[in-house]
Amino acid sequence: MNCLIDLHLHIDGSLSLDTVKALAKIQDIPLCGDDELVKKLKVSPNCRDLNEYLEKFDFPLSLLQTEEALEYGTASLLRELSQKGYIYAELRFAPQLHTQKGMTQRDAVIAAIKGLESSDIPANLILCAMRSDNNFNENKETIDIASEFLKKGVCAADLAGAEGLYPTDNFRDIFEYARKKGVPFTIHAGEADGAESVYSAIDMGALRIGHGIRSYEDKSLVKKLAEMKIPLELCPTSNLNTGVFGSISDYPIMEYIKSGVVVTVNSDNMTVSDTDVKRELELLRRTFLLSDEDIKALLLNSARSSFADENTKKELTEKINSNFKMQ
Ligand SMILES: [Zn+2]
């Protein structure tokens with residue numbers, strides 16, 4: 001399968017084993033053996049637990065606390081995507097989680113933008129604000145930086161973190177600020193929390209919804225998503241890992257498609273979930289007996305729903321229309 005696009009991909013959860021080893025070596029950080037390392041970075045195949053899932057970010061995050069490391073990690077991830085047949089990607093990370101060793105949020109973003117520069121496929125960054133207590137200033141700084149580097153490597157902002165603990169509605173002020181600054185944004189919603197969270201995100205002005213998979217719990221919300229043409233960034237395996245669904249056959253993607261909701265298929269965290277967009281699409285194809293045309297339509301949705309400029313979107317669409325191959 002070629003012409004792949006990922007619109008929902010966290011850098012820290014997607015570093016390959018080789019990249020992790022290289023980053024540890026450069027920084028003189030001692031490493032365990034391969035088996036131990038895999039356990040540290042990937043959830044077990046039958047993981048259905050959010051806590052186990054979240055633990056897997058600690059180690060890669062600790063390796064991404066310098067400018068060199070962040071640039072290297074971003075560049076390596078893009079090289080891997082290009083080799084796997086991707087034509088575009090939006091990589092996201094939370095600059096405020098990269099300040100443990102004194103790097104500023106702004107320096108972190110500049111380093112990641114440098115990592116984009118060596119890429120042979122077009123790519124952009126999404127900067128995540130974080131759900132937490134008392135971090136309004138850090139989130140505001142993230143939005144300011146997104147505004148400064150908008151269309152210069154950054155394409156949007158996001159809200160990430162524990163949706164179950166910190167309701168979406170608590171972050172109205174920060175996204176009101178993003179709107180005033182003209183920064184487009186997506187918001188993780190309808191993953192750990194239900195339809196109410198997605199309603200808040202839409203009301204706050206989110207142009208896409210990260211996951212949004214629990215929107216089906218409220219039929220009028222599904223109608224609203226379809227009418228407003230707000231795309232969902234679906235990440236099936238990640239939702240299985242965190243226990244949102246017990247089995248892929250329960251995954252409501254067909255309900256959304258039939259209701260006219262724009263759905264895109266993404267990997268969320270390639271390493272933590274041991275996946276990529278190709279695997280996600282193949283999983284959906286096998287489970288719901290999708291045709292080649294259905295898969296192509298999903299990729300076209302991704303091209304059109306991206307935060308890239310209109311020219312890039314047009315090029316991506318043309319590429320998929322003329323080059324897409326299932327094999
Ligand atoms: Zn995510």
Side-chain angles (χ1 to χ4, degrees), residues 5-15 41-43 47-58 60-61 64 73-74 77 81 86 89-98 112 123-132 139 142 146 154-168 171 175 184-194 197-198 200-201 204 206-215 230-245 251 253 263-277 279-280 302 305-307:
I5 293 178
D6 204 325
L7 302 179
H8 189 131
L9 185 62
H10 295 264
I11 295 175
D12 52 1
S14 303
L15 300 179
L41 299 170
K42 294 180 197 253
V43 292
C47 172
R48 295 286 180 268
D49 174 37
L50 181 63
N51 290 330
E52 182 187 337
Y53 196 84
L54 293 177
E55 271 169 20
K56 306 297 167 186
F57 294 88
D58 295 345
L61 206 46
L64 294 171
T74 307
L77 177 54
L81 296 180
Y86 285 64
E90 290 176 1
L91 309 184
R92 61 183 78 193
F93 76 113
Q96 64 189 271
L97 300 182
H98 296 262
N124 279 299
L125 299 174
I126 295 177
L127 305 187
C128 305
M130 291 303 295
R131 295 173 189 269
S132 181
N139 281 343
T142 305
V154 173
C155 63
D158 175 31
L159 178 64
E163 188 191 8
L165 294 177
Y166 306 102
T168 302
F171 299 88
F175 287 98
F185 53 89
T186 174
I187 289 182
H188 278 76
E191 179 190 17
D193 202 356
S197 180
V198 180
S200 293
M204 284 152 61
L207 298 179
R208 299 197 315 232
I209 303 294
H211 299 285
I213 191 66
R214 286 179 58 189
S215 302
I230 295 182
L232 301 182
E233 305 160 2
L234 302 184
C235 313
T237 300
S238 166
N239 293 156
L240 294 176
N241 292 157
T242 57
V244 183
F245 296 95
Y251 202 69
I253 185 170
V263 297
T264 67
V265 177
N266 309 280
S267 44
D268 207 6
N269 295 289
M270 285 167 64
T271 306
V272 178
S273 290
D274 196 14
T275 192
D276 55 34
V277 168
R279 284 205 202 178
E280 295 299 302
S302 293
S305 306
S306 81
F307 286 123

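Numbering of ligands and ligand atoms starts at 1, following listing order.
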- Message: Below 30° counts as parallel, above 60° as perpendicular, anything between as tilted: where do the rings of H10 and F57 land?
- Response: perpendicular
- Message: So, 2.8 Å as the limit: is an N/O/S atom of H211 located closer than that to the Zn ion (ligand 1)?
- Response: no
- Task: Among E90, H8, R92, E233, find the residue that satisfies the side chain to side chain donor-acceptor pair (under 3.5 Å) test when tested with T186.
- Result: E233
- Query: Which N, O or S atom name in D268 marks its closest approach to the Zn ion (ligand 1)?
  - Reply: OD1
- Task: Please assess S197 against T168 for the test side-chain hydrogen bond (donor to acceptor under 3.5 Å, both in side chains), listing each intermediate value before the final yes or no.
- Result: CA-CA 6 Å; S197 180; T168 302; 2.6 Å; yes
- Task: Spell out, as yes or no, whether a donor-acceptor pair under 3.5 Å connects the side chain of R279 to the backbone of T237.
- Result: no
- Query: Of the backbone and side-chain N, O or S atoms of H188, does one lie nearer to the Zn ion (ligand 1) than 2.8 Å?
  - Reply: yes
